[in-house]
**Student:** 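One structure coming up, written as structure tokens, with questions to follow.
Just so it is clear, the values below take in all heavy atoms, side chains as well, and ignore hydrogens, waters and symmetry mates. Here the structure is a predicted model, which is why all the values come from computation and not from measurement.
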Amino acid sequence: MMSWEANVRKVVPYTPGEQPKIKNIIKLNTNENPYPPAPAVAERIKETDVSDYRKYPDPTCSVLVDAIADYYNVDKKNAFVGVGSDDVLAMAFLTFFNSEKPVLFPDITYSFYDVWAQLYRIPYRQVPLKDDFTIDVDDYTGYGAGGSKASDEQKKEGCGGIVIANPNAPTGVFLGLSAIEKIVADNRDVVVIVDEAYVDFGAESALPLINKYDNLLVVQTFSKSRSMAGMRIGYAFGSEKLIKYLSDVKFSFNSYTMNMPSLELGALAIADKEYFEETRNKIIATRERTKVKLKELGFEFADSKTNFIFVKHPQKSGKEIFDALRQRNIIVRRWDIERISEYLRISIGTDEEMDQLIKALKEELKKC
């Protein structure tokens with residue numbers, strides 16, 4: 001007799017960063033912003049009429065879509081919002097990757113990409129980064145003609161789509177806009193997704209390219225630079241046709257993906273450009289200051305254009321440092337997987353938090 005389990009869609013789920021319940025810790029493991037959201041957010045929360053929550057939210061999310069479109073000076077028909085960039089990306093995978101050809105993304109990148117591919121039964125191929133964690137553009141071009149570094153077998157398989165986190169996570173490495181454009185231009189027959197969760201911390205956005213290429217989707221989030229990870233707000237930009245297809249799938253999945261507080265508070269947060277720039281610049285300054293101190297301690301890392309630094313030390317293993325910091329109530333992120341098991345991803349906190357981190361690292365490295 002066949003078990004009902006034979007028809008279960010089995011996947012290996014994404015493992016989110018730890019959200020510890022203990023107090024008095026320095027939490028540098030999930031790239032959250034160390035500063036609060038824009039002041040108008042707190043003021044609006046104080047004025048909230050909870051009776052409004054008996055109603056459904058606006059399914060078109062117009063107050064937030066309009067605010068995002070105004071801020072970035074794009075037509076609202078070119079903007080899409082979702083429950084964090086994870087929701088936007090998941091919808092994009094479901095919408096645009098619907099062929100037998102494999103979707104391409106790096107072997108070291110956001111670890112949700114392969115989970116979505118497996119969940120939706122999308123064929124995929126993980127393309128190895130170079131030894132310095134940079135992307136070789138030639139790995140993503142030439143599938144429709146000659147010139148690709150791909151093997152004959154891979155060329156025969158073709159390319160069903162491309163996903164690039166830029167800057168990449170967890171490495172923090174940024175790919176220049178001209179390289180992104182080369183990839184998009186060479187793959188006009190598939191959708192190219194550029195995941196820009198960390199773009200505000202010193203990188204260059206591919207947003208200007210959406211007017212030139214109708215196969216480009218640029219995805220961003222309020223979780224990092226807007227200090228609103230807890231509200232789960234993500235958004236994307238693309239051609240009107242691209243956004244229409246994405247919206248059709250969203251409304252076929254759930255009409256009310258965004259809750260009322262997220263819509264209202266998100267619109268207020270993005271309107272405060274001055275506060276955004278102030279806190280963003282604080283994080284960049286702290287990051288650059290921390291880079292200097294980490295180098296003085298012998299740590300090795302690629303240049304980061306994000307709100308984290310991906311580091312390793314030649315004299316002490318990543319696990320040893322991770323465990324030692326944890327004993328001191330400092331939590332960073334580590335993956336026990338090939339190529340990056342010796343690395344730690346350290347989110348940028350306040351100056352005071354980073355000073356305590358450096359102090360702890362100095363003391364631990366003296367034991368070497």
**Student:** For Tyr72 and Phe237, I'd like to know if the aromatic rings sit close, meaning centre-to-centre distance below 6.0 Å.
**Tutor:**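 Between Tyr72 and Phe237, the centre distance is under 6.0 Å.
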**Student:** Could you please spell out the steps behind the side-chain contact (heavy atoms from CB on, under 4.5 Å) verdict for Glu278 and Tyr275?
**Tutor:** CA-CA 5 Å; Glu278 176 188 344; Tyr275 181 80; 4.3 Å; yes
**Student:** Does the gap between the ring centers of Phe301 and Phe310 come in under 6.0 Å?
**Tutor:** no
**Student:** Name every donor-acceptor pair, under 3.5 Å, that has one atom in a side chain of residues 168-176 and the other anywhere in the protein, sequence neighbours excluded.
**Tutor:**
from, atom 1, to, atom 2, distance (Å)
Asn168, OD1, Thr109, OG1, 2.8
Asn168, ND2, Ile108, O, 2.9
Thr171, OG1, Val173, N, 3.3

**Student:** For Asp355, run the salt bridge (Lys or Arg N to Asp or Glu O under 4.0 Å) check against Arg289, Lys293, Lys362 and tell me which one passes.
**Tutor:**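 Of all the options given, the one that passes is Arg289.
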**Student:** Give a yes-or-no answer on whether the side chains of Asp336 and Ser341 include a donor-acceptor pair shorter than 3.5 Å.
**Tutor:**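 Short answer, no.
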**Student:** Distance only, no hydrogens: is a donor on one side chain within 3.5 Å (strictly under) of an acceptor on the other, for Thr221 and Lys224?
**Tutor:**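 No donor-acceptor contact under 3.5 Å links the two side chains.
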**Student:** Could you check whether Arg226 makes a cation-pi contact with Tyr71, meaning its NZ or CZ is under 6.0 Å from the centre of the six-membered ring and within 45° of the ring axis?
**Tutor:**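 Judged by the rule (NZ or CZ under 6.0 Å from the ring centre, within 45° of its axis), Arg226 counts as positioned above Tyr71.
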**Student:** List the steps and the verdict of side-chain contact (heavy atoms from CB on, under 4.5 Å) for Tyr235 and Val219.
**Tutor:** CA-CA 6 Å; Tyr235 53 108; Val219 180; over 6 Å; no
**Student:** Could you point out which residue of Tyr120, Tyr124, Trp116 forms a ring-ring contact (aromatic ring centres under 6.0 Å, His included) with Phe93?
**Tutor:**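 Passing option: Trp116.
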**Student:** Report yes or no: is the cationic atom of Arg287 (NZ for Lys, CZ for Arg) closer than 6.0 Å to the six-membered ring centre of Phe201, at no more than 45° off its axis?
**Tutor:**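 Verdict for Phe201: no cation-pi partner in Arg287.
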**Student:** Glu320 and Lys316: which non-hydrogen atoms are nearest, and at how many Å?
**Tutor:**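 Where Glu320 meets Lys316 most closely, the heavy atoms are OE1-CG, 3.6 Å.
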